[in-house]
Novice: 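Sharing a structure below in structure tokens format, with a few things to ask.
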Amino acid sequence: MARSSLKDYQEKRDFKRTPEPAGGRGPAAAAPIFVIQKHAARHLHYDFRLEVDGVLKSWAIPKGPSTNPRDKRLAVPTEDHPLSYAGFEGVIPEGEYGGGTVLVWDTGIYRNLTEKKGEAIPMGQAVAHGHVKVWLEGSKLRGGYALTRFKTGKDESWLLVKADDDEADPHRNPVADEPQSVLTGRTIEEVSSEQ
Ligand code: MN
């Protein structure tokens with residue numbers, strides 16, 4: 001199952017046409033990484049990705065993440081992406097899958113905090129069970145975040161919520177106030193015009 005989890009990713013794309021990495025499963029780094037990519041596709045959204053078992057587990061968050069523990073942000077699961085996608089910034093041509101501009105809005109390492117009855121739950125199981133708790137060490141986002149699955153009819157959706165810890169800040173609005181890439185300092189408009 002895990003071995004073919006990049007099949008969806010690869011089948012949706014024509015790598016002769018998109019600059020996105022074709023990828024493969026990557027070796028695990030010392031600490032697992034997360035990345036949040038701002039993606040100005042037909043509908044602007046933020047792709048939240050967590051390294052789990054050699055791939056990037058992915059959710060599309062229309063409103064982006066919040067630092068306010070009272071905000072519940074819808075997170076729609078999308079196909080696993082290769083680890084090499086974490087550094088991808090550029091323009092996916094119009095007409096291709098996900099056509100639009102991508103920048104690396106935040107990235108860093110994370111720790112898995114998921115527990116059940118005091119027992120640590122590995123990330124792969126946590127995602128399969130629909131209950132994930134992580135501690136992010138990013139440039140913009142830090143601290144605990146919970147991802148929780150819920151069902152709406154036949155579809156599955158998740159909610160991303162900031163944990164109420166020392167890194168929570170209801171007065172920050174990083175999505176609105178910190179729009180640039182943490183890799184290159186560019187805005188979406190600059191990435192699209194520099195291609
Ligand atoms: Mn996307």
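As the structure lists them, so they are numbered: ligands from 1, and atoms in each ligand from 1.
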Novice: What do you reckon, are the aromatic ring centroids of Trp105 and Tyr46 less than 6.0 Å apart?
Specialist: yes

Novice: Side chains of Arg186 and Gln180: any donor to acceptor distance under 3.5 Å?
Specialist: no

Novice: Give the C-alpha distance, both sets of side-chain angles, the deciding distance and a yes or no for salt bridge (Lys or Arg N to Asp or Glu O under 4.0 Å) between Arg172 and Glu178.
Specialist: CA-CA 10 Å; Arg172 268 183 77 200; Glu178 300 165 50; 3.3 Å; yes

Novice: What protein N/O/S atoms are found closer than 2.8 Å to the Mn ion (ligand 1)?
Specialist: His39 ND1, His45 NE2, Asp47 OD2

Novice: Suppose we screen for side-chain hydrogen bond (donor to acceptor under 3.5 Å, both in side chains). Which residues come up paired with Glu96, at least two apart in sequence or across chains?
Specialist: Arg17

Novice: Is there a donor-acceptor contact under 3.5 Å linking the side chains of Ser58 and Glu79?
Specialist: no

Novice: So, Tyr85 versus Glu20: side-chain donor-acceptor pair below 3.5 Å or not?
Specialist: yes

